[in-house]
Amino acid sequence: MTSTLGPPPPYYENRGFQPEPLYAARQAAGAAPYPQLFSTNPPSVPSYMPRVATHQPSPPAARPPRRTCAASLRKTIIIILSILIVICCAIAAFFIWYFVENTCLSSLVGCGSSGVCMSPSQWCDGVSDCPNGEDETRCVRLFGPNFILEVYSPVSNSWYPVCHDDWNDDYGKIACRDMGYNVDTYFYSHGVPPEASFKSYMKLNTSAGNIDLYKKLYNSGSCATGNVVSLRCIECGLSSKGVSTMNRIVGGSGAVLGQWPWQVSLHVQGTHVCGGSIITHSWIVTAAHCVEGRLSDPHSWRVYAGILNQDEMLFRSGYKVQLIISHPDYDTDSKDNDVALMKLETPLSFTETVKPVCLPNPGMMFQPNQQCWISGWGAEYQGGKTSNNLNYVAVPLIERSRCNAVFIYNGMILPTMICAGDLAGGVDSCQGDSGGPLVTLHHSVWWLVGDTSWGTGCATPNKPGVYGNMTVFTDWIYRNMQVKYSELFSYILRPHILKCSSTLKKLINKCDLHDK
Ligand code: 4AZ
(Lines give C-alpha, C1' and ligand atoms only; values in the text may rest on other atoms or scores of the structure.)
Protein backbone atom coordinates (compact mmCIF):
# COMPACT_ATOMS: atom_id res chain seq x y z
CA MET A 1 0.00 0.00 0.00
CA THR A 2 1.22 3.49 -0.80
CA SER A 3 1.50 5.77 2.29
CA THR A 4 -0.40 9.08 2.13
CA LEU A 5 1.59 10.51 5.01
CA GLY A 6 5.15 10.83 3.84
CA PRO A 7 6.28 12.90 0.82
CA PRO A 8 5.36 11.19 -2.40
CA PRO A 9 8.13 9.72 -4.53
CA PRO A 10 9.84 12.27 -6.82
CA TYR A 11 8.44 12.75 -10.26
CA TYR A 12 8.54 15.51 -12.82
CA GLU A 13 5.37 15.99 -14.66
CA ASN A 14 2.27 14.43 -15.92
CA ARG A 15 0.91 16.91 -18.37
CA GLY A 16 -2.10 14.80 -19.11
CA PHE A 17 -3.58 15.81 -15.84
CA GLN A 18 -3.20 19.60 -16.05
CA PRO A 19 -6.34 21.42 -16.89
CA GLU A 20 -4.52 24.79 -16.70
CA PRO A 21 -1.24 23.90 -18.22
CA LEU A 22 0.17 27.40 -18.48
CA TYR A 23 -0.09 27.85 -14.78
CA ALA A 24 2.61 25.38 -13.99
CA ALA A 25 4.71 26.61 -16.85
CA ARG A 26 4.82 30.10 -15.40
CA GLN A 27 6.68 28.85 -12.36
CA ALA A 28 10.10 30.39 -12.39
CA ALA A 29 13.05 28.11 -12.54
CA GLY A 30 14.16 27.26 -9.10
CA ALA A 31 10.87 28.41 -7.59
CA ALA A 32 9.46 26.62 -4.59
CA PRO A 33 9.78 22.99 -5.36
CA TYR A 34 6.76 22.02 -3.46
CA PRO A 35 3.27 23.11 -4.24
CA GLN A 36 1.96 26.07 -2.29
CA LEU A 37 -0.58 24.58 -0.01
CA PHE A 38 -2.51 27.78 0.20
CA SER A 39 -2.22 29.31 -3.14
CA THR A 40 -3.80 32.67 -3.84
CA ASN A 41 -4.85 31.20 -7.07
CA PRO A 42 -5.57 27.64 -6.34
CA PRO A 43 -6.07 25.20 -9.12
CA SER A 44 -9.47 23.75 -9.38
CA VAL A 45 -8.04 20.27 -9.49
CA PRO A 46 -4.81 18.97 -8.03
CA SER A 47 -1.83 20.24 -9.91
CA TYR A 48 0.90 17.64 -10.39
CA MET A 49 4.02 19.76 -9.97
CA PRO A 50 7.50 18.44 -9.29
CA ARG A 51 7.93 17.50 -5.71
CA VAL A 52 11.71 17.39 -5.65
CA ALA A 53 14.16 20.21 -6.27
CA THR A 54 15.78 19.58 -9.66
CA HIS A 55 17.34 22.98 -10.37
CA GLN A 56 16.15 22.40 -13.89
CA PRO A 57 14.28 24.96 -15.88
CA SER A 58 10.64 24.25 -15.85
CA PRO A 59 9.62 21.90 -18.59
CA PRO A 60 7.89 23.46 -21.58
CA ALA A 61 4.24 23.80 -21.22
CA ALA A 62 2.01 21.39 -22.92
CA ARG A 63 0.28 22.78 -25.98
CA PRO A 64 -3.12 22.12 -27.25
CA PRO A 65 -3.10 19.03 -29.46
CA ARG A 66 -3.49 20.97 -32.78
CA ARG A 67 -0.43 23.15 -32.13
CA THR A 68 1.65 20.09 -31.15
CA CYS A 69 0.70 18.40 -34.37
CA ALA A 70 1.63 21.47 -36.49
CA ALA A 71 4.94 21.81 -34.66
CA SER A 72 5.86 18.20 -35.14
CA LEU A 73 4.94 18.49 -38.83
CA ARG A 74 7.13 21.57 -39.14
CA LYS A 75 9.90 19.74 -37.32
CA THR A 76 9.63 16.78 -39.71
CA ILE A 77 9.72 19.08 -42.75
CA ILE A 78 12.79 20.87 -41.37
CA ILE A 79 14.53 17.55 -40.76
CA ILE A 80 13.70 16.28 -44.27
CA LEU A 81 14.84 19.58 -45.83
CA SER A 82 18.07 19.48 -43.82
CA ILE A 83 18.76 15.92 -44.97
CA LEU A 84 18.07 16.92 -48.59
CA ILE A 85 20.40 19.93 -48.31
CA VAL A 86 23.16 17.75 -46.84
CA ILE A 87 22.73 15.18 -49.66
CA CYS A 88 22.79 17.95 -52.33
CA CYS A 89 25.91 19.47 -50.76
CA ALA A 90 27.62 16.05 -50.71
CA ILE A 91 26.77 15.45 -54.40
CA ALA A 92 27.97 18.95 -55.36
CA ALA A 93 31.19 18.44 -53.38
CA PHE A 94 31.77 15.12 -55.14
CA PHE A 95 31.38 16.68 -58.60
CA ILE A 96 33.63 19.60 -57.72
CA TRP A 97 36.25 17.16 -56.42
CA TYR A 98 35.86 14.96 -59.54
CA PHE A 99 36.36 17.83 -61.96
CA VAL A 100 39.24 19.40 -60.04
CA GLU A 101 40.97 16.00 -59.80
CA ASN A 102 40.27 14.75 -63.30
CA THR A 103 40.29 17.71 -65.56
CA CYS A 104 42.80 20.41 -66.05
CA LEU A 105 42.22 24.08 -66.52
CA SER A 106 41.65 24.92 -70.19
CA SER A 107 45.26 25.97 -70.78
CA LEU A 108 46.67 22.73 -69.30
CA VAL A 109 46.80 19.14 -70.51
CA GLY A 110 46.14 16.08 -68.33
CA CYS A 111 48.74 13.31 -67.91
CA GLY A 112 46.64 10.23 -68.64
CA SER A 113 44.53 9.19 -65.66
CA SER A 114 46.94 10.45 -63.02
CA GLY A 115 45.14 13.78 -62.63
CA VAL A 116 48.41 15.71 -63.02
CA CYS A 117 48.19 18.72 -65.36
CA MET A 118 50.93 20.03 -67.63
CA SER A 119 51.42 23.06 -69.80
CA PRO A 120 51.34 22.12 -73.55
CA SER A 121 54.89 23.52 -73.80
CA GLN A 122 56.05 20.68 -71.52
CA TRP A 123 54.66 18.12 -73.99
CA CYS A 124 57.29 16.46 -76.21
CA ASP A 125 60.08 18.72 -74.92
CA GLY A 126 62.44 15.85 -74.07
CA VAL A 127 61.81 16.10 -70.32
CA SER A 128 59.51 13.59 -68.65
CA ASP A 129 57.10 15.65 -66.55
CA CYS A 130 54.04 13.40 -66.19
CA PRO A 131 54.18 10.68 -63.49
CA ASN A 132 54.12 7.95 -66.18
CA GLY A 133 55.99 9.94 -68.82
CA GLU A 134 52.91 10.34 -71.06
CA ASP A 135 54.13 13.80 -72.08
CA GLU A 136 57.14 12.25 -73.84
CA THR A 137 55.80 8.93 -75.08
CA ARG A 138 52.78 10.18 -77.01
CA CYS A 139 54.44 12.55 -79.47
CA VAL A 140 54.61 10.67 -82.76
CA ARG A 141 53.09 7.52 -84.19
CA LEU A 142 52.89 5.70 -87.49
CA PHE A 143 49.30 5.16 -88.48
CA GLY A 144 47.79 2.42 -90.60
CA PRO A 145 49.36 0.04 -93.10
CA ASN A 146 51.03 2.93 -95.03
CA PHE A 147 53.04 4.10 -91.98
CA ILE A 148 51.61 7.64 -92.10
CA LEU A 149 53.53 9.82 -89.64
CA GLU A 150 51.20 11.56 -87.19
CA VAL A 151 52.06 14.08 -84.48
CA TYR A 152 50.04 14.47 -81.30
CA SER A 153 48.64 17.84 -80.36
CA PRO A 154 48.05 18.01 -76.59
CA VAL A 155 45.98 21.17 -77.05
CA SER A 156 43.30 19.50 -79.21
CA ASN A 157 44.02 16.00 -77.91
CA SER A 158 44.22 14.79 -81.53
CA TRP A 159 46.70 13.28 -83.95
CA TYR A 160 47.57 15.12 -87.18
CA PRO A 161 49.39 13.81 -90.29
CA VAL A 162 52.59 15.63 -91.17
CA CYS A 163 52.61 17.53 -94.47
CA HIS A 164 55.55 16.42 -96.66
CA ASP A 165 56.40 20.08 -97.57
CA ASP A 166 60.04 20.79 -96.49
CA TRP A 167 60.30 17.38 -94.81
CA ASN A 168 63.64 15.53 -95.01
CA ASP A 169 65.34 12.40 -93.64
CA ASP A 170 66.86 14.29 -90.70
CA TYR A 171 63.40 15.01 -89.37
CA GLY A 172 62.41 11.40 -90.10
CA LYS A 173 65.34 10.14 -88.01
CA ILE A 174 64.33 12.35 -85.08
CA ALA A 175 60.76 11.02 -85.22
CA CYS A 176 62.03 7.41 -85.39
CA ARG A 177 64.41 7.96 -82.49
CA ASP A 178 61.54 9.34 -80.43
CA MET A 179 59.54 6.20 -81.05
CA GLY A 180 62.35 4.06 -79.67
CA TYR A 181 64.20 3.11 -82.88
CA ASN A 182 67.94 3.44 -83.29
CA VAL A 183 68.81 5.91 -86.10
CA ASP A 184 70.97 3.17 -87.66
CA THR A 185 67.83 1.28 -88.75
CA TYR A 186 66.23 4.32 -90.46
CA PHE A 187 64.71 3.23 -93.79
CA TYR A 188 62.92 6.14 -95.54
CA SER A 189 60.45 9.07 -95.51
CA HIS A 190 58.21 9.33 -98.57
CA GLY A 191 55.50 11.80 -99.51
CA VAL A 192 52.30 9.91 -100.23
CA PRO A 193 48.79 11.10 -101.11
CA PRO A 194 46.65 10.97 -97.98
CA GLU A 195 44.10 8.15 -97.89
CA ALA A 196 41.49 10.27 -96.15
CA SER A 197 40.91 13.95 -96.89
CA PHE A 198 42.51 15.63 -93.91
CA LYS A 199 41.20 19.01 -92.75
CA SER A 200 44.30 19.81 -90.76
CA TYR A 201 48.00 18.99 -90.98
CA MET A 202 51.15 19.51 -89.02
CA LYS A 203 53.53 21.64 -91.08
CA LEU A 204 57.18 22.51 -90.63
CA ASN A 205 58.12 26.08 -89.93
CA THR A 206 61.58 25.98 -91.53
CA SER A 207 62.32 29.57 -90.51
CA ALA A 208 62.01 28.58 -86.84
CA GLY A 209 65.79 28.02 -86.64
CA ASN A 210 67.66 25.10 -85.18
CA ILE A 211 65.09 24.10 -82.58
CA ASP A 212 63.35 20.90 -81.59
CA LEU A 213 61.29 19.17 -84.33
CA TYR A 214 58.07 19.39 -82.32
CA LYS A 215 58.50 23.12 -81.71
CA LYS A 216 58.93 23.62 -85.48
CA LEU A 217 55.61 21.96 -86.23
CA TYR A 218 52.44 23.98 -86.34
CA ASN A 219 48.84 23.23 -87.20
CA SER A 220 47.74 24.26 -90.68
CA GLY A 221 44.68 23.74 -92.83
CA SER A 222 46.75 23.47 -96.02
CA CYS A 223 49.60 21.36 -97.42
CA ALA A 224 51.04 22.64 -100.74
CA THR A 225 52.18 19.28 -102.13
CA GLY A 226 49.04 17.61 -100.82
CA ASN A 227 51.25 14.71 -99.69
CA VAL A 228 51.77 13.46 -96.17
CA VAL A 229 54.86 11.77 -94.69
CA SER A 230 55.03 7.98 -94.83
CA LEU A 231 57.86 7.02 -92.48
CA ARG A 232 59.66 3.69 -92.17
CA CYS A 233 61.96 3.52 -89.14
CA ILE A 234 63.18 0.01 -89.97
CA GLU A 235 63.00 -2.22 -93.02
CA CYS A 236 60.66 -4.80 -91.55
CA GLY A 237 58.19 -7.45 -92.59
CA LEU A 238 59.97 -8.67 -95.71
CA SER A 239 60.39 -12.36 -96.32
CA SER A 240 62.48 -13.60 -99.21
CA LYS A 241 60.34 -16.73 -99.51
CA GLY A 242 56.66 -17.05 -100.18
CA VAL A 243 54.39 -19.30 -98.16
CA SER A 244 52.84 -22.39 -99.49
CA THR A 245 49.36 -22.71 -98.12
CA MET A 246 49.81 -26.48 -98.19
CA ASN A 247 50.20 -27.30 -94.55
CA ARG A 248 51.95 -30.01 -92.56
CA ILE A 249 53.81 -26.94 -85.33
CA VAL A 250 50.51 -29.33 -85.21
CA GLY A 251 49.29 -30.06 -88.70
CA GLY A 252 51.91 -27.80 -90.29
CA SER A 253 54.78 -27.81 -92.79
CA GLY A 254 58.56 -27.71 -92.45
CA ALA A 255 59.83 -24.15 -93.04
CA VAL A 256 62.64 -23.22 -95.43
CA LEU A 257 65.48 -20.87 -94.51
CA GLY A 258 64.47 -17.20 -94.87
CA GLN A 259 60.75 -17.95 -94.88
CA TRP A 260 60.19 -16.70 -91.28
CA PRO A 261 63.37 -14.63 -90.83
CA TRP A 262 62.10 -12.95 -87.63
CA GLN A 263 61.63 -16.30 -85.81
CA VAL A 264 64.14 -16.99 -83.04
CA SER A 265 64.63 -19.95 -80.72
CA LEU A 266 65.18 -19.08 -77.05
CA HIS A 267 67.38 -21.56 -75.16
CA VAL A 268 68.03 -22.20 -71.49
CA GLN A 269 70.94 -24.53 -70.70
CA GLY A 270 71.20 -25.71 -74.30
CA THR A 271 67.48 -26.56 -74.65
CA HIS A 272 64.81 -24.83 -76.70
CA VAL A 273 62.23 -23.36 -74.28
CA CYS A 274 60.29 -20.72 -76.19
CA GLY A 275 60.04 -18.84 -79.47
CA GLY A 276 60.39 -15.14 -80.10
CA SER A 277 60.21 -12.53 -82.89
CA ILE A 278 62.90 -10.07 -83.98
CA ILE A 279 61.58 -6.48 -84.09
CA THR A 280 64.90 -4.55 -84.23
CA HIS A 281 68.63 -5.43 -84.23
CA SER A 282 68.57 -5.62 -80.43
CA TRP A 283 65.01 -6.39 -79.38
CA ILE A 284 63.05 -9.66 -79.34
CA VAL A 285 59.36 -9.93 -78.49
CA THR A 286 58.35 -13.07 -76.57
CA ALA A 287 55.74 -14.16 -74.00
CA ALA A 288 55.90 -13.03 -70.36
CA HIS A 289 55.14 -16.58 -69.20
CA CYS A 290 58.41 -17.73 -70.87
CA VAL A 291 60.47 -15.48 -68.59
CA GLU A 292 58.70 -16.02 -65.28
CA GLY A 293 60.38 -16.79 -61.96
CA ARG A 294 64.01 -17.89 -62.18
CA LEU A 295 63.81 -17.53 -65.99
CA SER A 296 63.60 -13.75 -65.54
CA ASP A 297 67.41 -13.73 -65.22
CA PRO A 298 68.77 -12.65 -68.64
CA HIS A 299 71.95 -14.67 -68.06
CA SER A 300 69.94 -17.90 -68.32
CA TRP A 301 69.13 -17.30 -71.99
CA ARG A 302 70.71 -17.68 -75.43
CA VAL A 303 68.99 -16.49 -78.60
CA TYR A 304 69.37 -18.30 -81.96
CA ALA A 305 68.41 -16.53 -85.19
CA GLY A 306 68.56 -17.64 -88.85
CA ILE A 307 68.83 -21.35 -88.04
CA LEU A 308 66.18 -23.94 -88.93
CA ASN A 309 67.36 -27.01 -86.96
CA GLN A 310 67.68 -27.31 -83.21
CA ASP A 311 70.59 -29.79 -83.69
CA GLU A 312 72.54 -27.13 -85.49
CA MET A 313 72.03 -24.63 -82.66
CA LEU A 314 73.92 -26.93 -80.29
CA PHE A 315 77.10 -26.16 -82.23
CA ARG A 316 76.57 -22.40 -82.13
CA SER A 317 76.98 -19.99 -79.21
CA GLY A 318 73.83 -17.89 -79.73
CA TYR A 319 73.28 -14.31 -78.64
CA LYS A 320 73.48 -13.31 -74.96
CA VAL A 321 70.60 -11.42 -73.38
CA GLN A 322 71.33 -8.16 -71.58
CA LEU A 323 67.88 -7.32 -70.31
CA ILE A 324 64.41 -8.84 -69.94
CA ILE A 325 61.37 -6.62 -69.48
CA SER A 326 58.17 -8.42 -68.65
CA HIS A 327 54.88 -6.57 -69.02
CA PRO A 328 54.20 -5.08 -65.56
CA ASP A 329 50.50 -6.08 -65.77
CA TYR A 330 51.14 -9.68 -66.80
CA ASP A 331 48.93 -12.04 -64.82
CA THR A 332 50.15 -15.61 -64.36
CA ASP A 333 46.68 -17.08 -63.86
CA SER A 334 44.67 -15.38 -66.59
CA LYS A 335 47.68 -14.83 -68.94
CA ASP A 336 46.55 -11.22 -69.29
CA ASN A 337 49.33 -9.10 -70.92
CA ASP A 338 51.46 -12.13 -71.81
CA VAL A 339 54.29 -10.24 -73.50
CA ALA A 340 57.93 -9.56 -72.70
CA LEU A 341 60.94 -7.94 -74.35
CA MET A 342 64.49 -9.27 -74.49
CA LYS A 343 67.37 -6.95 -75.29
CA LEU A 344 70.43 -8.62 -76.78
CA GLU A 345 73.94 -7.85 -75.53
CA THR A 346 75.17 -7.54 -79.13
CA PRO A 347 72.91 -6.51 -82.00
CA LEU A 348 71.89 -8.98 -84.68
CA SER A 349 73.18 -8.47 -88.20
CA PHE A 350 70.30 -8.56 -90.66
CA THR A 351 70.73 -10.99 -93.57
CA GLU A 352 68.43 -12.84 -95.98
CA THR A 353 67.63 -15.23 -93.12
CA VAL A 354 67.61 -12.80 -90.16
CA LYS A 355 65.12 -9.92 -90.50
CA PRO A 356 62.64 -8.10 -88.30
CA VAL A 357 58.86 -8.34 -88.53
CA CYS A 358 56.76 -5.13 -88.42
CA LEU A 359 54.88 -4.19 -85.27
CA PRO A 360 51.25 -3.36 -86.12
CA ASN A 361 50.47 0.34 -86.40
CA PRO A 362 47.46 1.90 -84.71
CA GLY A 363 44.57 2.06 -87.15
CA MET A 364 45.28 -1.39 -88.57
CA MET A 365 42.27 -3.60 -88.34
CA PHE A 366 42.76 -7.34 -88.46
CA GLN A 367 39.56 -8.93 -89.68
CA PRO A 368 37.91 -12.07 -88.29
CA ASN A 369 38.89 -15.04 -90.48
CA GLN A 370 41.95 -13.12 -91.75
CA GLN A 371 44.62 -15.63 -92.73
CA CYS A 372 47.60 -15.62 -90.34
CA TRP A 373 50.58 -17.94 -89.85
CA ILE A 374 52.26 -19.35 -86.78
CA SER A 375 55.75 -20.84 -86.69
CA GLY A 376 57.88 -22.59 -84.10
CA TRP A 377 59.76 -25.64 -82.84
CA GLY A 378 56.90 -26.67 -80.56
CA ALA A 379 55.48 -30.18 -80.21
CA GLU A 380 53.78 -31.65 -83.29
CA TYR A 381 51.05 -33.20 -81.16
CA GLN A 382 49.70 -32.72 -77.62
CA GLY A 383 52.26 -34.10 -75.14
CA GLY A 384 54.95 -34.57 -77.83
CA LYS A 385 58.55 -33.31 -77.63
CA THR A 386 59.78 -30.15 -79.32
CA SER A 387 60.44 -30.44 -83.02
CA ASN A 388 63.95 -30.44 -84.50
CA ASN A 389 62.78 -28.43 -87.53
CA LEU A 390 61.00 -25.11 -87.67
CA ASN A 391 57.36 -25.70 -88.63
CA TYR A 392 54.59 -23.37 -89.69
CA VAL A 393 50.88 -23.50 -90.34
CA ALA A 394 48.13 -21.15 -91.50
CA VAL A 395 45.54 -20.24 -88.85
CA PRO A 396 42.61 -17.84 -89.43
CA LEU A 397 41.80 -15.25 -86.76
CA ILE A 398 38.69 -15.94 -84.67
CA GLU A 399 36.50 -13.09 -83.45
CA ARG A 400 36.86 -12.52 -79.70
CA SER A 401 33.12 -12.77 -79.00
CA ARG A 402 33.05 -16.14 -80.76
CA CYS A 403 36.15 -17.40 -78.94
CA ASN A 404 34.53 -16.35 -75.65
CA ALA A 405 31.49 -18.54 -76.32
CA VAL A 406 30.55 -20.88 -73.46
CA PHE A 407 31.60 -23.99 -75.39
CA ILE A 408 34.92 -22.46 -76.50
CA TYR A 409 36.75 -20.38 -73.86
CA ASN A 410 33.73 -19.16 -71.86
CA GLY A 411 34.80 -15.53 -71.34
CA MET A 412 38.53 -16.19 -70.71
CA ILE A 413 39.63 -14.24 -73.80
CA LEU A 414 40.57 -10.75 -72.57
CA PRO A 415 41.20 -7.69 -74.79
CA THR A 416 44.95 -8.41 -74.56
CA MET A 417 44.36 -11.78 -76.29
CA ILE A 418 43.41 -12.90 -79.75
CA CYS A 419 42.32 -16.36 -80.89
CA ALA A 420 43.44 -18.09 -84.06
CA GLY A 421 43.00 -21.58 -85.40
CA ASP A 422 40.43 -23.96 -86.76
CA LEU A 423 37.49 -24.74 -84.47
CA ALA A 424 37.36 -28.15 -86.11
CA GLY A 425 40.86 -28.81 -84.69
CA GLY A 426 43.82 -30.24 -86.55
CA VAL A 427 46.05 -27.13 -86.78
CA ASP A 428 47.50 -25.26 -83.81
CA SER A 429 50.49 -24.09 -81.83
CA CYS A 430 51.65 -26.39 -79.03
CA GLN A 431 54.12 -26.73 -76.12
CA GLY A 432 57.37 -25.01 -77.14
CA ASP A 433 55.77 -22.57 -79.60
CA SER A 434 55.06 -20.06 -76.82
CA GLY A 435 56.44 -16.56 -77.37
CA GLY A 436 56.73 -17.18 -81.10
CA PRO A 437 55.03 -15.18 -83.86
CA LEU A 438 51.48 -15.06 -85.21
CA VAL A 439 51.88 -13.01 -88.41
CA THR A 440 49.80 -11.83 -91.35
CA LEU A 441 50.66 -10.48 -94.80
CA HIS A 442 49.07 -7.12 -95.65
CA HIS A 443 50.16 -4.62 -98.35
CA SER A 444 53.15 -6.95 -99.08
CA VAL A 445 54.41 -6.50 -95.49
CA TRP A 446 54.46 -9.12 -92.70
CA TRP A 447 52.96 -7.84 -89.47
CA LEU A 448 53.26 -9.30 -85.97
CA VAL A 449 49.64 -9.85 -84.94
CA GLY A 450 50.37 -11.82 -81.76
CA ASP A 451 52.76 -13.89 -79.64
CA THR A 452 51.88 -17.51 -78.85
CA SER A 453 50.45 -17.58 -75.35
CA TRP A 454 48.17 -20.47 -74.32
CA GLY A 455 45.38 -22.85 -75.22
CA THR A 456 43.68 -25.97 -73.89
CA GLY A 457 45.64 -28.86 -75.33
CA CYS A 458 46.81 -28.65 -78.93
CA ALA A 459 44.63 -28.74 -82.06
CA THR A 460 41.61 -29.86 -79.99
CA PRO A 461 38.22 -29.02 -81.57
CA ASN A 462 36.73 -25.80 -80.13
CA LYS A 463 39.98 -25.04 -78.27
CA PRO A 464 41.94 -22.79 -80.64
CA GLY A 465 45.32 -21.23 -79.85
CA VAL A 466 45.35 -18.00 -77.83
CA TYR A 467 47.89 -15.28 -78.66
CA GLY A 468 48.93 -12.00 -77.04
CA ASN A 469 47.18 -9.19 -78.96
CA MET A 470 50.17 -7.21 -80.24
CA THR A 471 48.13 -4.14 -81.27
CA VAL A 472 47.44 -3.55 -77.57
CA PHE A 473 51.13 -3.87 -76.66
CA THR A 474 52.84 -1.64 -79.23
CA ASP A 475 52.75 1.53 -77.06
CA TRP A 476 54.32 -0.41 -74.20
CA ILE A 477 56.95 -1.89 -76.55
CA TYR A 478 57.95 1.50 -78.03
CA ARG A 479 58.12 3.05 -74.58
CA ASN A 480 60.42 0.30 -73.35
CA MET A 481 62.67 0.39 -76.40
CA GLN A 482 63.35 4.06 -75.76
CA VAL A 483 66.98 4.39 -74.87
CA LYS A 484 66.56 6.33 -71.64
CA TYR A 485 64.80 3.40 -69.96
CA SER A 486 66.69 0.45 -71.34
CA GLU A 487 70.12 2.01 -70.86
CA LEU A 488 69.36 2.92 -67.28
CA PHE A 489 67.98 -0.51 -66.57
CA SER A 490 70.93 -2.20 -68.21
CA TYR A 491 73.69 -0.31 -66.53
CA ILE A 492 72.41 1.11 -63.30
CA LEU A 493 69.89 -1.45 -62.08
CA ARG A 494 70.26 -5.19 -61.85
CA PRO A 495 68.24 -6.45 -64.81
CA HIS A 496 66.33 -9.23 -63.13
CA ILE A 497 64.60 -6.89 -60.70
CA LEU A 498 62.59 -5.58 -63.63
CA LYS A 499 59.42 -7.27 -62.48
CA CYS A 500 58.68 -4.12 -60.49
CA SER A 501 59.59 -1.92 -63.41
CA SER A 502 56.57 0.38 -63.41
CA THR A 503 57.47 1.81 -59.99
CA LEU A 504 61.11 2.06 -60.94
CA LYS A 505 60.21 3.84 -64.15
CA LYS A 506 58.29 6.43 -62.18
CA LEU A 507 61.39 6.95 -60.07
CA ILE A 508 63.54 7.26 -63.16
CA ASN A 509 61.17 9.86 -64.58
CA LYS A 510 61.70 11.83 -61.41
CA CYS A 511 65.49 11.40 -61.71
CA ASP A 512 65.27 12.78 -65.26
CA LEU A 513 63.61 15.86 -63.92
CA HIS A 514 66.02 16.42 -61.09
CA ASP A 515 69.09 15.81 -63.20
CA LYS A 516 68.18 18.64 -65.57
C1 4AZ B 1 52.58 -24.00 -74.63
O2 4AZ B 1 52.52 -24.63 -73.56
C3 4AZ B 1 51.35 -23.92 -75.47
N4 4AZ B 1 47.45 -24.87 -78.37
C5 4AZ B 1 51.33 -23.09 -76.55
C6 4AZ B 1 50.21 -23.02 -77.34
C7 4AZ B 1 49.11 -23.77 -77.04
C8 4AZ B 1 49.11 -24.60 -75.96
C9 4AZ B 1 50.25 -24.69 -75.17
C10 4AZ B 1 47.90 -23.64 -77.90
O11 4AZ B 1 53.63 -23.47 -74.99
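Order of listing sets the numbers, starting from 1, for every ligand and every atom in it.
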Residues pairing under salt bridge (Lys or Arg N to Asp or Glu O under 4.0 Å) where one sits in residues 351-369, two or more places apart or in two chains, turn out to be E352-K355
Of all protein heavy atoms, the one nearest atom 8 (C) of ligand 1 is G457 O, 3.7 Å
### Message
Classify the ring geometry of H281 against F350: parallel below 30°, tilted from 30° to 60°, perpendicular beyond 60°.
### Response
parallel
When V192, L231, N361 are each screened for side chain to side chain contact (heavy atoms under 4.5 Å, CB included) with F147, the one that passes is N361
Which of D336, D331, N337 passes side chain to side chain donor-acceptor pair (under 3.5 Å) with S334? It is D331
Numbered in order shown, the ligand 1 atoms found under 4.0 Å of a heavy atom of D428 are 4 (N), 10 (C)
Inset, instruction - Please confirm whether G421 comes under 4.0 Å of ligand 1, counting heavy atoms of the residue only. - result: no
Counting heavy atoms under 4.0 Å, the part of C430 that contacts ligand 1 is backbone
Mind running side chain to side chain contact (heavy atoms under 4.5 Å, CB included) on M179 and L142 for me, showing each step along the way? CA-CA 9 Å; M179 270 186 285; L142 302 177; 3.7 Å; yes
One finds that the ligand 1 atoms under 4.0 Å from a non-hydrogen atom of G455 are 7 (C), 8 (C), 10 (C)
re atom 6 (C) of ligand 1, the protein heavy-atom contact at minimum distance is S429 OG, 3.4 Å
Handout entry: Close aromatic pair by centroid cut-off 6.0 Å: Y392 and W260
Key = yes
Judged by heavy atoms only, the candidate from H289, K463, Q382, Q431 nearest atom 9 (C) of ligand 1 is Q431
Within 4.0 Å of some non-hydrogen atom of S434, the atoms of ligand 1 are 1 (C), 3 (C), 5 (C), 11 (O)
Regarding ligand 1, does C458 bring an N or O atom to under 3.5 Å of one of the ligand's N or O atoms? no
Minimal heavy-atom distance between G457 and D428, with the atoms involved, is O-OD2, 4.1 Å
For G432, the ligand 1 atoms with a heavy-atom partner under 4.0 Å come out as 11 (O)
